[in-house]
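The structure under discussion appears below in the form of structure tokens.
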Amino acid sequence: MVQYNIVLIGFGGVNRALAQLVAERNDLWQSELGFRLNIVAVTDLNLGSVISQNGIDPRMLVETKFEKGGFARLSGGSAEADNEKVIRQAPAGIVAEATFTNPQNGEPAVSHCRWALESGKHVVTTNKGPVALAARELVALARRNNVHFEYEGAVMSGTPVIRLAKNTLSGAGLSAFQGVLNGTSNFVLGRMEAGLGFAQAVQEAQALGYAEADPTADVEGYDVRLKVVILANELLGAALKPSDVSCRGISSLTAADIQAAAKDGCRWKLIGSAARRKDGEIEASVAPRRLDLDHPLCAVNGATNAVSFTTDLLGAVTVTGPGAGRVETAYALLSDIIAIHRGSRGSLAKEAA
Ligand code: HSE
């Protein structure tokens with residue numbers, strides 16, 4: 001039986017959903033995918049940390065109502081989240097990093113990834129910070145340590161985008177992409193088409209749990225800008241920083257703009273895009289765009305995301321699906337672990353129980 005020991009860094013919605021999937025699906029994964037997951041350590045800024053050589057019952061983890069510092073109640077637990085010690089010392093081959101995104105310098109997630117890779121552990125993450133701001137360093141570190149750094153969920157949660165474009169579309173001549181990459185802003189635009197004002201539509205998005213408590217990063221395009229940096233660097237070979245990407249959000253659009261577009265058979269979408277110019281430079285931007293109804297991104301509704309790749313051999317190839325959500329994002333971590341399993345059976349074999 002192949003069993004991978006994993007460490008969960010951050011026990012918010014995403015890693016909690018992964019633990020739930022482990023509790024419910026290990027038997028299925030064993031027969032369908034050829035491996036099981038065994039959670040041997042968890043850390044959380046609020047709850048503390050816990051390490052167990054033999055594994056922690058995932059059902060207990062998700063069903064127990066832990067108070068602040070509550071992991072101290074568990075065998076091998078502590079009220080402190082000593083991330084470095086846990087990441088370096090836990091008897092695991094894979095670290096799942098799902099802490100908050102820091103758009104300034106990616107910390108502390110960059111350090112979490114660095115400690116894991118340095119100690120010979122694979123990293124799977126859904127965190128945009130380390131990928132947008134430190135991917136080059138972390139990929140090189142992973143290579144030197146003969147482990148994987150995987151981050152499918154950093155752009156469109158579990159909807160396959162990065163591996164699809166890198167692996168399945170390789171050779172197709174990908175030269176540009178355009179995407180609806182923020183569910184909150186797309187939802188807000190849809191509600192404005194239905195007649196709501198901007199503030200009212202944002203409030204509704206907050207009530208439904210799409211928008212952050214502070215929705216600035218969603219509606220001003222900063223969230224999309226990080227995703228554009230990730231895709232442009234990863235798929236077009238760029239070396240962009242967020243400040244290289246011009247950025248305008250949807251707060252400048254009025255109800256009148258939206259209604260005028262609808263009269264002409266068009267829709268406004270917040271589009272993150274990048275393209276390789278003739279001189280080889282990569283041009284990237286985030287801005288509201290008025291799209292014709294036959295544009296591949298025009299029909300993307302609600303909180304759904306989509307990205308359309310421009311390729312030489314296939315023309316436009318468009319992928320649409322969820323861009324957020326606990327289970328959807330946890331699935332991205334699973335897809336990263338599957339990629340590790342398929343890509344490095346040899347090196348992981350020593351970890352297999
Ligand atoms: N807040 C983002 C959105 C999801 O609304 O799409 C995380 O990137």
Side-chain angles (χ1 to χ4, degrees), residues 10 12-18 96-104 106 109 124-133 135 151-162 177-192 196 198-199 201-234 242 245 247-251 253 268-273 286-289 297 300-308 319-333 335-336:
V14 174
N15 267 341
R16 202 175 273 270
L18 182 63
E97 210 289 342
T99 63
F100 64 96
T101 292
N102 172 342
Q104 263 72 49
V124 297
T125 185
T126 57
N127 193 322
K128 293 180 283 284
V131 189
L133 304 172
Y151 38 84
E152 179 64 56
V155 174
M156 264 170 61
S157 75
T159 303
V161 172
I162 296 176
F177 65 85
Q178 293 184 303
V180 170
L181 298 171
N182 183 271
T184 299
S185 52
N186 203 52
F187 174 84
V188 167
L189 290 174
R191 295 304 288 142
M192 288 175 76
L196 264 63
F198 177 76
V202 170
Q203 263 173 19
E204 209 174 278
Q206 283 173 314
L208 287 166
Y210 299 141
E212 306 297 322
D214 174 2
T216 312
D218 291 316
V219 297
E220 297 302 347
Y222 309 141
D223 174 67
V224 177
R225 182 164 60 174
L226 289 182
K227 293 168 180 169
V228 166
V229 167
I230 293 170
L231 289 180
N233 291 353
E234 188 70 35
V245 180
C247 184
R248 193 154 51 84
I250 60 168
S251 62
L253 290 177
W268 285 95
K269 295 285 168 193
L270 181 62
I271 300 295
S273 63
V286 179
R289 309 241 180 247
L297 299 178
V300 180
N301 287 318
T304 302
N305 283 197
V307 63
S308 186
V319 188
T320 181
R326 299 166 60 247
V327 173
E328 293 85 342
T329 311
Y331 171 71
L333 294 175
S335 79
D336 285 341

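Counting starts at 1 for both ligands and their atoms, following the listed order. The first residue of the sequence shown is numbered 1, and numbering continues consecutively from there.
Protein heavy atom at the shortest distance from atom 3 (C) of ligand 1 is Asn182 ND2, 3.3 Å. The closest protein non-hydrogen atom to atom 6 (O) of ligand 1 is Gly183 N, 2.7 Å. Shortest contact from atom 8 (O) of ligand 1 to any protein heavy atom: Lys227 NZ, 2.8 Å. The single protein non-hydrogen atom nearest to atom 7 (C) of ligand 1 is Lys128 NZ, 3.8 Å, given as residue, atom name and distance. From the protein, the heavy atom lying nearest to atom 1 (N) of ligand 1 is Asp218 OD1, 2.9 Å. The protein heavy-atom contact nearest to atom 5 (O) of ligand 1 is Thr184 OG1, 2.6 Å.
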| Thr125/Asn127 under side chain to side chain donor-acceptor pair (under 3.5 Å): CA gap, chis, key distance, verdict | CA-CA 5 Å; Thr125 185; Asn127 193 322; 5.0 Å; no

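Rounding to the nearest 0.5 angstrom, the gap separating the CG atom in Asn182 from the CG atom in Asp223 is 4.5 Å. Here the CD1 atom belonging to Ile250 is positioned 4.0 Å from the CG atom belonging to Leu189, to the nearest 0.5 angstrom.
Each of the following atoms of ligand 1 lies closer than 4.0 Å to a heavy atom of Asp223: 2 (C), 8 (O). Interface of Ala324 with ligand 1, defined as ligand atoms under 4.0 Å from a residue heavy atom, comprises 4 (C).
Results of the side-chain contact (heavy atoms from CB on, under 4.5 Å) test with Ser185 over Asp218, Leu253, Leu270, Val180 single out Leu270 as the only residue that passes. When each of Leu181, Val131, Thr126 is checked for a side-chain contact (heavy atoms from CB on, under 4.5 Å) with Val155, only Leu181 meets the rule.
Remark: Glu220 pairs with Ser251 by the side chain to side chain donor-acceptor pair (under 3.5 Å) rule, at least two apart or across chains.
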